[in-house]
Amino acid sequence: MTIARVDKRIKGKEFVASLDECRSADDVLGLLGRTFNGDSDKMRERASHVSDSPQIVKLNATMSTFNAKQGKDTRHQDCMNMAAYRYAELTGAGMKEFKIAVNKYATKLDMKREKDVETKEVVRHYEPEQRTF
């Protein structure tokens, strides 16, 4: 799957194509993580704006998909709505379960980021000093 971003703009057509390729809930969450560049706070914020009503999410996702395929600008909220609808299609879960899954995924991203920073600190601590003679 491709990452559907150029600078700070999202390529909607590529995001829709990548979302169609998703075959599991983990695929959908991974695509969101790549689209949001691992920004867990932004993921949580955008997920909180997804409606709890599946009919409204379907309407928003359908409109966002149509606009993306027409080449119009795609926002992060559009991506979140499309992903919520796809997640519900794949799992049969409701929107509250989707929001919980996004929050768990964002927490995993935070923990991974913290672990990477700690690993870099340990490696830097044990690397021998470079001396010039």
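Computation of the quantities below employed the complete heavy-atom set of this structure, encompassing side-chain atoms and omitting hydrogens, waters and symmetry-equivalent molecules. What you see is a predicted model, and the numbers here were worked out from it, not measured in a lab.
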Please list, chain by chain and in numerical order, all residues satisfying side-chain contact (heavy atoms from CB on, under 4.5 Å) with [X], sequence neighbours excluded.
{"X": "Asp78", "result": "Ser64, Thr74, Arg75, Met82"}
{"X": "Thr91", "result": "Ala25, Tyr87, Ala93"}
{"X": "Ala106", "result": "Ser40, Arg44"}
{"X": "Ala47", "result": "Met80, Val102"}

Just grab all the salt bridge (Lys or Arg N to Asp or Glu O under 4.0 Å) pairs involving residues 54-63, residues at least two apart or on different chains. none
Summary of salt bridge (Lys or Arg N to Asp or Glu O under 4.0 Å) pairs that have at least one residue in residues 95-104, sequence neighbours excluded: Asp52-Lys99
Quick one, Asn81 with Arg46, criterion side-chain contact (heavy atoms from CB on, under 4.5 Å). Give me CA distance, side-chain angles, the key distance, then yes/no. CA-CA 9 Å; Asn81 287 328; Arg46 294 292 102 208; over 6 Å; no
Partners passing side-chain hydrogen bond (donor to acceptor under 3.5 Å, both in side chains) against Thr62 (at least two apart in sequence or in another chain): none
In chain order, what residues pass the side-chain hydrogen bond (donor to acceptor under 3.5 Å, both in side chains) check against Ser53, with sequence neighbours excluded? Gln55
Measure the spacing between [atom1] of [X] and [atom2] of [Y] and express it to the nearest 0.5 Å.
{"X": "Cys79", "Y": "Leu19", "atom1": "SG", "atom2": "CG", "value": "8.5 Å"}
{"X": "Thr35", "Y": "Lys42", "atom1": "OG1", "atom2": "NZ", "value": "11.5 Å"}
{"X": "Asp27", "Y": "Leu32", "atom1": "CG", "atom2": "CG", "value": "11.5 Å"}
{"X": "Met95", "Y": "Tyr85", "atom1": "CE", "atom2": "OH", "value": "9.5 Å"}
{"X": "Cys22", "Y": "Leu31", "atom1": "SG", "atom2": "CG", "value": "5.0 Å"}

If you group Ile, Leu, Val, Met, Phe, Trp and Tyr whenever their side-chain heavy atoms sit less than 4.5 Å apart, what else falls in with Met63? Leu59
Suppose we screen for salt bridge (Lys or Arg N to Asp or Glu O under 4.0 Å). Which residues come up paired with Glu45, at least two apart in sequence or across chains? none
For Val16 and Ala68, work out which heavy atoms get closest and say how close. CG2-CB, 3.8 Å
Which heavy atom in Ala83 sits nearest to a heavy atom in Val28, and how many Å separate them? O-CG1, 3.6 Å
Asp26/Tyr105 under side-chain contact (heavy atoms from CB on, under 4.5 Å): CA gap, chis, key distance, verdict: CA-CA 9 Å; Asp26 291 336; Tyr105 185 81; over 6 Å; no
Non-hydrogen side-chain atoms of Met43 and Leu109 separated by less than 4.5 Å: yes
